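Keep in mind the model is a prediction, meaning the values are calculated, not measured. Position 1 is the first residue of the sequence, and the numbers go up from there. Both backbone and side-chain heavy atoms feed into the values below; hydrogens, waters and symmetry mates do not.
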Amino acid sequence: MVLKLNNMSFGSQKLPSVVVPIIASSGSPKFFMASPLRSASKKVENMKKTSMPHQEVQVQVTHSIPSQKIEMFKSLDKWVEDNILIHLKPTEKSWQPQDFLPDSKSDGFYDQVKELEERAKEIPDDHFIALVGDMITEEALPTYQAMLNIVDGIRDETGVSHTSWTIWIRAWTVEENRHDDLIVQLSEIVIEFTLLFLSENVQDVKLENKPFRIFIYTSFQERATFISHNNTAKLVREHGDTELAKLCGFIAADEKRHETAYSKIIEKLFEIDPGETVQAFVDMMRKKITMPAYLMYDGRDGNLFNHFSIVAQRLRIYTTKDYINILEFLVGRWKVKDLTGLSTDGRKAQEFVCELPSRLRKLEEKAQLAAKRAPTIPFSWIPDRELKL
């Protein structure tokens with residue numbers, strides 16, 4: 001889960017805020033005209049409104065990568081097979097959600113369910129909000145596969161492609177899908193509307209179908225989710241739920257493997273095309289790396305993601321400091337400061353991304369102050385109990 005850093009200016013580049021208009025309720029409207037054609041038209045219009053993102057999203061260029069770059073990614077298929085697919089676990093050896101749940105065939109099933117419920121009662125509301133935010137992000141997983149599958153040079157053209165790129169995409173989706181399956185089964189929180197809206201609207205991470213950008217994004221995001229799940233595990237363990245802590249730990253371990261794989265891809269891209277890769281790094285950081293579910297909406301709160309993020313910030317599950325540390329870590333891991341032979345634009349991009357962590361740290365105090373001044377609001381997820389942001 002990644003906090004948005006709004007209204008930050010870097011030189012002449014101003015990072016735009018996301019406009020959050022409040023849209024009408026998704027409930028069925030009442031009609032006073034008898035015409036079935038007019039009624040049908042009104043229903044379609046209402047459906048379009050509820051199926052559109054509740055926040056303003058920017059129009060972006062698509063398919064902007066040159067054909068020779070596409071061929072470069074296709075030529076990496078054997079390298080992906082040897083270096084990336086090794087980070088997948090065989091399905092038969094992977095943990096499954098039922099491993100953590102009461103066994104319905106056992107004599108003590110109801111007692112186990114009761115024990116699970118009793119443990120959950122000890123977890124504070126704000127911890128639940130953080131856990132549900134993680135779950136909602138994972139729940140829209142099929143559409144994350146769709147995002148990877150529009151990227152030029154790596155996408156599955158037929159749905160049954162067996163290139164190493166497409167094998168990774170499908171298997172990564174399967175591994176991630178376990179996370180939401182398990183958390184959903186453990187949760188009794190009212191989240192249906194949020195999941196439905198998110199599945200319809202999902203994300204806008206400004207990739208332009210470029211593989212360079214998607215792998216910068218996933219490298220950053222997988223490390224962020226590793227940190228978030230790992231910190232959530234620590235919190236729930238403090239409140240006595242060791243089983244939930246174990247669950248969060250398993251999910252964090254998965255995210256760590258995925259981070260390793262995506263980071264290795266970027267390392268390879270820096271090796272064979274450093275100029276394009278460093279420019280993609282800068283492009284994504286200027287656009288801001290946001291949680292893929294930042295368009296989450298529950299039908300009421302047009303600022304739901306920000307509210308959830310403030311809770312995570314206050315609990316130190318995921319903070320602006322973590323965001324900056326990830327950026328600094330990736331700059332070091334990919335040895336961006338050591339790049340040579342870059343063009344003038346490449347050197348400017350290199351300088352920008354290497355200096356960015358120190359510039360962002362100056363904004364960290366402002367984020368902390370904003371969190372302290374946050375109000376108390378109701379969350380539909382718990383449901384409608386008020387929570388200090």
Side-chain angles (χ1 to χ4, degrees), residues 51 60-99 137-184 195-196 198-219 221-222 225 251 253-269 272-273 276 280 292-293:
S51 297
Q60 58 179 297
V61 177
T62 58
H63 304 293
S64 55
I65 184 172
S67 59
Q68 64 267 31
K69 302 290 185 182
I70 294 177
E71 292 305 314
M72 184 190 80
F73 276 90
K74 291 181 178 179
S75 72
L76 289 173
D77 192 74
K78 185 64 170 66
W79 180 86
V80 174
E81 179 182 347
D82 295 339
N83 295 274
I84 302 302
L85 297 189
I86 60 172
H87 294 289
L88 295 169
K89 281 188 175 182
T91 302
E92 64 275 12
K93 294 183 179 180
S94 298
W95 64 265
Q96 298 300 327
Q98 60 266 27
D99 297 339
T137 302
E138 307 280 2
E139 179 71 10
L141 209 282
T143 48
Y144 302 156
Q145 180 177 359
M147 178 184 72
L148 279 169
N149 215 30
I150 65 170
V151 176
D152 294 327
I154 68 171
R155 66 171 173 259
D156 188 346
E157 302 281 3
T158 65
V160 291
S161 171
H162 271 69
T163 67
S164 298
W165 288 117
T166 57
I167 290 171
W168 167 264
I169 291 171
R170 292 194 295 264
W172 169 77
T173 304
V174 169
E175 291 199 351
E176 292 281 357
N177 191 58
R178 294 198 306 266
H179 304 169
D180 75 270
D181 281 350
L182 181 51
I183 304 177
V184 165
L195 295 176
L196 289 173
L198 182 60
S199 295
E200 289 179 343
N201 300 317
V202 192
Q203 59 203 332
D204 172 38
V205 293
K206 304 171 182 65
L207 300 175
E208 296 184 12
N209 308 92
K210 286 186 174 181
F212 293 93
R213 290 187 178 187
I214 185 62
F215 294 131
I216 293 287
Y217 178 85
T218 50
S219 295
Q221 189 61 40
E222 293 295 289
T225 51
I251 294 175
D254 281 355
E255 305 293 14
K256 186 65 175 175
R257 280 190 299 108
H258 299 160
E259 176 211 335
T260 300
Y262 285 122
S263 293
K264 284 173 67 174
I265 292 172
I266 292 298
E267 284 177 343
K268 184 65 175 178
L269 295 180
I272 62 179
D273 197 341
E276 186 76 31

> Evaluate the side-chain proximity of Ile84 to Trp79: yes if any heavy-atom separation is below 4.5 Å, no if none is.
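Answer yes - side chains close enough.
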> How far apart are the closest heavy atoms of Pro211 and Ile214, and which atoms are they?
O-CG2, 3.0 Å
> Just so I know, are the side chains of Glu259 and His87 near enough to count as touching, which here means a heavy-atom distance under 4.5 Å?
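Result no, sub-4.5 Å side-chain heavy-atom pair not found.
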> Can you measure from CD (Glu267) to OH (Tyr262) and round to the nearest 0.5 angstrom?
15.5 Å
> Can you find a heavy atom in the side chain of Val151 that is under 4.5 Å from one in the side chain of Phe215?
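Answer no - side chains too far apart.
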> Could you give the distance from CG (Asp152) to NZ (Lys210), rounded to the nearest 0.5 Å?
10.5 Å
> Applying side-chain contact (heavy atoms from CB on, under 4.5 Å), run through Trp168 and Ile154 and close with a yes or a no.
CA-CA 10 Å; Trp168 167 264; Ile154 68 171; over 6 Å; no
> For the residue pair Ser164 and Leu85, establish whether any side-chain heavy-atom pair is separated by less than 4.5 Å.
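The answer is yes, as the side chains (C-beta and beyond) meet within the 4.5 Å cut-off.
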> Tell me whether Arg170 contacts the main-chain N or O of Ser161 through its side chain, where contact means a donor paired with an acceptor under 3.5 Å.
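Confirmed, Arg170 side chain pairs with Ser161 backbone.
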> Considering non-hydrogen atoms only, spot the tightest contact between Phe212 and Ala280 and give its length.
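Nearest pair, atom of Phe212 first, then Ala280: CB-CB, 3.6 Å.
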> Report the residues that fulfil salt bridge (Lys or Arg N to Asp or Glu O under 4.0 Å) with Lys264, sequence neighbours left out, ordered by chain and then residue number.
none
> With a 4.0 Å cut-off, would you call Lys89 and Glu175 a salt bridge?
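Salt bridge flag = no for Glu175 with Lys89.
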> Return yes if some donor-acceptor pair links the side-chain N/O of Thr166 with the main-chain N/O of Thr163 below 3.5 Å, else return no.
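Looks like yes, one N/O pair under 3.5 Å.
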> What's the spacing between Lys256 NZ and Thr225 OG1 if we round to 0.5 Å?
10.5 Å
> Would you say Ile272 and Leu76 make side-chain contact, with heavy atoms under 4.5 Å?
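A side-chain contact exists here, since the closest heavy-atom pair is under 4.5 Å.
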> Could you pull out all donor-acceptor pairs under 3.5 Å where a side-chain atom in residues 65-74 meets a protein atom, sequence neighbours excluded?
unit_1: Lys69; atom_1: NZ; unit_2: Asp273; atom_2: OD2; d: 2.4

> Between Ser263 and Thr260 (side chain of the first, backbone of the second, donor and acceptor by atom type, cut-off under 3.5 Å), is there such a pair?
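Flag not set: sc Ser263 to bb Thr260 has no pair under 3.5 Å.
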> I'd like to know whether Lys268 forms a side-chain contact (heavy atoms from CB on, under 4.5 Å) with Asn83, so could you lay out the CA-CA distance, the side-chain angles of the two residues, the decisive distance to 0.1 Å, and finally the verdict.
CA-CA 10 Å; Lys268 184 65 175 178; Asn83 295 274; over 6 Å; no
> Is it the case that the side chain of Asn149 and the backbone of Asp156 share a donor-acceptor pair, with hydrogens and angles ignored and the cut-off at 3.5 Å?
yes
